[in-house]
Amino acid sequence: MRRAEIHRTTKETDIVLALDLAGGARQIDTGIGFFDHMLNSFAVHSGFGLTLTCKGDLEVDGHHTVEDCGIVLGQALSQCLGDKAGIARFGQALVPMDEALGSCVLDISGRPYLVFDAPMPQPLCGGYDTCLTVEFMRALSVNAGLTLHLKCPYGDNAHHITEALFKALARALRQAVAQTGGGVLSAKGVL
């Protein structure tokens, strides 16, 4: 099917998400404008359909909203891929964003691991704490079962760095979920 719908409610967030790897509607509302912009860029550059609404405890800060959206997106991606048979599995992308260069290399391995090397020169992009980018990526990696390496070797602007990383992630995932028509791409026979 390569589609998933998830509704997750905690004391901190209430999230409704629909993901379609074949494309479709894109509508995002998390209450954090910059984060909405990043998730929309992710959806556009991955080619995925993504609708997401999150009502979070923004009176505290954006941490629970951003992290929990990563959890739910990761769970949805995992559901979309099922046993992972017939996908390319690996993806990589380099994305420039003005002075910044974002890199993503990933493996839909079933073994979550995050390497994140992207210093943020500014602490905020609008109302978004730039330190939350790594929290989102960790939650996504763990819940989707991704080995995920993200790096920005240079850049002066946290907006550009963050956007380059989200777009690189999108392009790498687009490669990795591509249908090859084969079985599970693993010497073990399972992922």
Side-chain angles (χ1 to χ4, degrees), residues 1-8 15 17-26 28 35 38-52 66-97 100-118 132-153 161-191:
M1 273 184 30
R2 294 174 60 94
R3 289 191 305 263
E5 294 183 13
I6 296 179
H7 185 185
R8 179 178 190 266
I15 301 172
L17 179 145
L19 178 67
D20 189 336
L21 302 188
R26 297 179 185 114
I28 294 142
F35 187 46
M38 292 303 100
L39 290 173
N40 186 63
S41 288
F42 167 82
V44 167
H45 290 277
S46 64
F48 301 163
L50 177 63
T51 61
L52 184 154
V66 173
E67 183 177 35
D68 289 8
C69 285
I71 290 170
V72 174
L73 181 59
Q75 291 172 344
L77 184 60
S78 182
Q79 280 185 30
C80 286
L81 296 174
D83 68 1
K84 303 174 194 74
I87 62 167
R89 180 177 164 182
F90 299 96
Q92 61 184 334
L94 290 171
V95 172
M97 181 78 185
L101 180 66
S103 163
C104 179
V105 181
L106 63 83
D107 177 7
I108 303 174
S109 62
R111 294 182 313 277
Y113 198 91
L114 175 67
V115 175
F116 187 91
D117 183 8
L132 296 180
T133 303
V134 67
E135 299 299 332
F136 173 82
M137 297 301 182
R138 184 178 296 111
L140 175 68
S141 170
V142 167
N143 287 276
L146 303 178
T147 301
L148 179 59
H149 291 241
L150 292 159
K151 183 174 181 69
C152 189
I161 291 167
T162 305
E163 190 161 350
L165 291 173
F166 270 85
K167 288 177 178 177
L169 170 67
R171 293 184 61 80
L173 268 175
R174 185 177 195 160
Q175 285 177 16
V177 303
Q179 294 177 301
T180 63
V184 174
L185 192 57
S186 170
K188 296 185 292 284
V190 296
L191 289 173

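Quick note: residue numbers are just sequence positions, from 1. Model, not experiment: these values are computed from the prediction.
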Test side-chain contact (heavy atoms from CB on, under 4.5 Å) applied to Pro112 and Leu140, Val142, Asn143, the passing residue: Val142
What I'd like to find out is whether the side chain of Asp107 reaches to under 4.5 Å of the side chain of Arg89, using heavy atoms alone. yes
Kindly determine whether Glu163 and Phe42 satisfy side chain to side chain contact (heavy atoms under 4.5 Å, CB included), including the steps that lead there. CA-CA 9 Å; Glu163 190 161 350; Phe42 167 82; over 6 Å; no
Given side chains that start at C-beta, do those of Val95 and Leu101 come closer than 4.5 Å, heavy atoms only? no
Any Leu106 side-chain heavy atom under 4.5 Å of Phe90 side chain: no
For residues 68-88, run the donor-acceptor check on the side chains, cut-off 3.5 Å, and write out each pair with its distance to 0.1 Å, sequence neighbours left out.
unit_1: Asp68; atom_1: OD2; unit_2: Arg8; atom_2: NH1; d: 3.3
unit_1: Asp68; atom_1: OD2; unit_2: Thr13; atom_2: OG1; d: 2.6
unit_1: Asp83; atom_1: OD1; unit_2: Ala85; atom_2: N; d: 2.9

Which residues satisfy the side-chain hydrogen bond (donor to acceptor under 3.5 Å, both in side chains) test with Thr147, sequence neighbours excluded? Ser109
Stepwise side chain to side chain contact (heavy atoms under 4.5 Å, CB included) check, Cys104 with Gln92: CA-CA 5 Å; Cys104 179; Gln92 61 184 334; over 6 Å; no
Output all residues satisfying side-chain hydrogen bond (donor to acceptor under 3.5 Å, both in side chains) with Gln175, sequence neighbours left out; order by chain, then residue number. none
Answer yes or no: is there a side-chain heavy-atom contact under 4.5 Å between Asn40 and Leu50? no
Holding to side-chain hydrogen bond (donor to acceptor under 3.5 Å, both in side chains), I want the full list of residues that pass it with Ser46, two or more places apart in sequence or in another chain. none
Arg171 meets the salt bridge (Lys or Arg N to Asp or Glu O under 4.0 Å) criterion, sequence neighbours left out, with none
Does any non-hydrogen side-chain atom of Ile108 lie less than 4.5 Å from one of Val177? yes
Pairwise side-chain contact, Phe116 with Thr133, heavy-atom cut-off 4.5 Å (strictly under): yes
Excluding sequence neighbours, so at least two apart, what forms side-chain hydrogen bond (donor to acceptor under 3.5 Å, both in side chains) with Arg26? none
To the nearest 0.5 Å, what is the distance between CG (Leu165) and CE (Met38)? 10.0 Å
